[in-house]
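Report on the structure given below.
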Amino acid sequence: MSGTVYLVGAGPGAADLLTLRAARLLECADIVFHDALVPQEILSLVSTKNRVEVGKRSGRLSTAQAFINKRLADAARKYEVVVRLKGGDPMLFGRAHEEIAYLKARRIRVEVVPGVTAALAAAAESGVSLTRRGISRSVVFVTPRSGAGERPNDWVKAALNADTAAIYMGAGEAEAISRQLIAAGKLASTPAAIVERATLPEARWAFGTLGTLVAMAAGTSGGPALILVGEVYRQVAAIRQVRNRKASNE
């Protein structure tokens, strides 16, 4: 027997942002391997009790990717519908290529079900478009992280060459991100935002500038966070700062 492995995007967190296809697969899956950060509201849609957490938490003990690959292949030989549930979109910083390559090399069918990535969810939630005529005509998704033995990560160059930058997995490296971008020529006054747990009831937003990024990151609680940098945030950052000053004077 050889089943199909579905790499399913769980989206940014809100269950009602799952695609219909993702929801249907969670309902009919024989086994689900899920990221540690997938919210319980989404896991409650999984019908089977056959669930395996294959945690991927930044800075914490995680399941080795090679082990995950093997577990998926073994499950596909036993079950018809195998779901690998990943936060956001599987094809963006989700190590999907490694799982796809491993499974295809063993002639196991694999399909990808897209999910809403955090940057697009954050844009929708804030009401601030990542692009804007005359201000932002290019967007880049980057991460400062790189694994051992990988080629140097030239994320700074990519961020400088785009009008708007969405920086994934970077809240814990806010000081380095701010310092490197400013040293490379980005103005300290460049507007910036940080959103933690976007689309969830406990979502937190902070607006400021590249120069205040460290203070903004200090207000996060360790949940999945996204840093956004670009002129499109100037107006909303100014409005938030005025509101904060008024609140502190009351």
Step by step, would you call T117 with Y168 a side chain to side chain donor-acceptor pair (under 3.5 Å)? CA-CA 10 Å; T117 191; Y168 285 71; 2.6 Å; yes
Does L43 form a side-chain contact (heavy atoms from CB on, under 4.5 Å) with L26? I'd like the steps, not just the answer. CA-CA 8 Å; L43 292 179; L26 294 182; over 6 Å; no
Verdict with reasoning, S136 to T164, per side chain to side chain donor-acceptor pair (under 3.5 Å): CA-CA 6 Å; S136 175; T164 303; 2.7 Å; yes
Any chance you could lay out the salt bridge (charged side-chain N to carboxylate O under 4.0 Å, His left out) test for D163 and R132, step after step, and finish with the verdict? CA-CA 10 Å; D163 295 321; R132 188 179 305 171; over 6 Å; no
For the pair V112 and Y6, evaluate side-chain contact (heavy atoms from CB on, under 4.5 Å) and give the outcome as yes or no after the intermediate values. CA-CA 6 Å; V112 178; Y6 296 89; over 6 Å; no
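A donor-acceptor pair under 3.5 Å is absent between the side-chain atoms of N50 and the main chain of V32, judged by distance alone. Although no hydrogens or angles enter the test, the distance criterion places a donor-acceptor pair under 3.5 Å between the side chain of R204 and the main chain of G219. When atom types are taken as modelled, the side chain of R234 and the backbone of A192 share no donor-acceptor pair closer than 3.5 angstrom. A donor-acceptor contact shorter than 3.5 Å is absent between the side chain of K86 and the backbone of V8. The backbone N or O of S221 lies less than 3.5 Å from a partner atom in the side chain of E196, making a donor-acceptor pair. R109 places a side-chain N or O within donor-acceptor distance of the main-chain N or O of S2, the cut-off being under 3.5 Å. Of the possible polar contacts, one joining the E125 side chain to the T199 backbone as a donor-acceptor pair under 3.5 Å is found. No donor-acceptor pair under 3.5 Å is formed between the side chain of D30 and the backbone N or O of Y79. Side-chain N or O atoms of S178 include one that pairs as donor or acceptor with a backbone N or O of L210 at under 3.5 Å.
Classification of R24 and E27 as a salt-bridged pair fails, no side-chain N sitting under 4.0 Å from a carboxylate O. Between D74 and K78 there is no salt bridge, since no side-chain nitrogen of the basic residue lies less than 4.0 Å from a carboxylate oxygen of the acidic one. Under 4.0 Å is where a charged nitrogen must lie from a carboxylate oxygen, and between E99 and K104 no such pair does. R84 has a carboxylate O that lies under 4.0 Å from a charged side-chain N of D35, or vice versa, which qualifies the two as a salt bridge.
Side chains of Y233 and V128 form a contact here, defined as non-hydrogen atoms less than 4.5 Å apart. Proximity of V113 to T19: side-chain heavy atoms (C-beta onward) are separated by under 4.5 Å at one or more points. Within the 4.5 Å cutoff, side-chain heavy atoms of I177 are placed close to those of I227. Contact of the V54 side chain with the F67 side chain is not registered, since no non-hydrogen atoms from C-beta on lie closer than 4.5 Å.
Hydrophobic clustering places V232 together with W205 (ILVMFWY residues linked when any side-chain heavy atoms are closer than 4.5 Å, directly or through intermediates). Tracing side-chain contacts under 4.5 Å through hydrophobic residues (I, L, V, M, F, W, Y), one never reaches V142 starting from L226; they form parts of separate clusters. One hydrophobic cluster holds both L103 and V52 under the rule that ILVMFWY side chains link at heavy-atom gaps under 4.5 Å. Taken together through direct or relayed side-chain contacts under 4.5 Å among Ile, Leu, Val, Met, Phe, Trp and Tyr, V195 and M216 form parts of separate hydrophobic clusters.
Separation of atoms OG1 (T190) and CG (L181) is listed at 8.5 Å; rounding is to 0.5 Å. Atom CG of residue L18 and atom CG of residue L45 lie 6.5 Å apart, to the nearest 0.5 angstrom. Between the CG atom of L92 and the CZ atom of F141 there is a distance of 6.5 Å, given to the nearest 0.5 Å. Taking CG of L72 as the reference point, atom CD1 of I108 lies at 8.5 Å (rounded to 0.5 Å). With values rounded to the nearest 0.5 angstrom, R145 atom CZ is found 12.0 Å from F93 atom CZ. Note that CG of L7 and NE2 of H97 are 12.0 Å apart. Values are rounded to the nearest 0.5 Å.
Between L213 and A174, the closest heavy-atom pair is CD2-O, 3.8 Å. When every heavy atom of P39 is checked against every heavy atom of G13, the shortest pair comes out as CG-O, 3.5 Å.
The cationic group of R106 lies under 6.0 Å from the six-membered ring centre of Y102 and within 45° of the ring axis, placing it in a cation-pi geometry.
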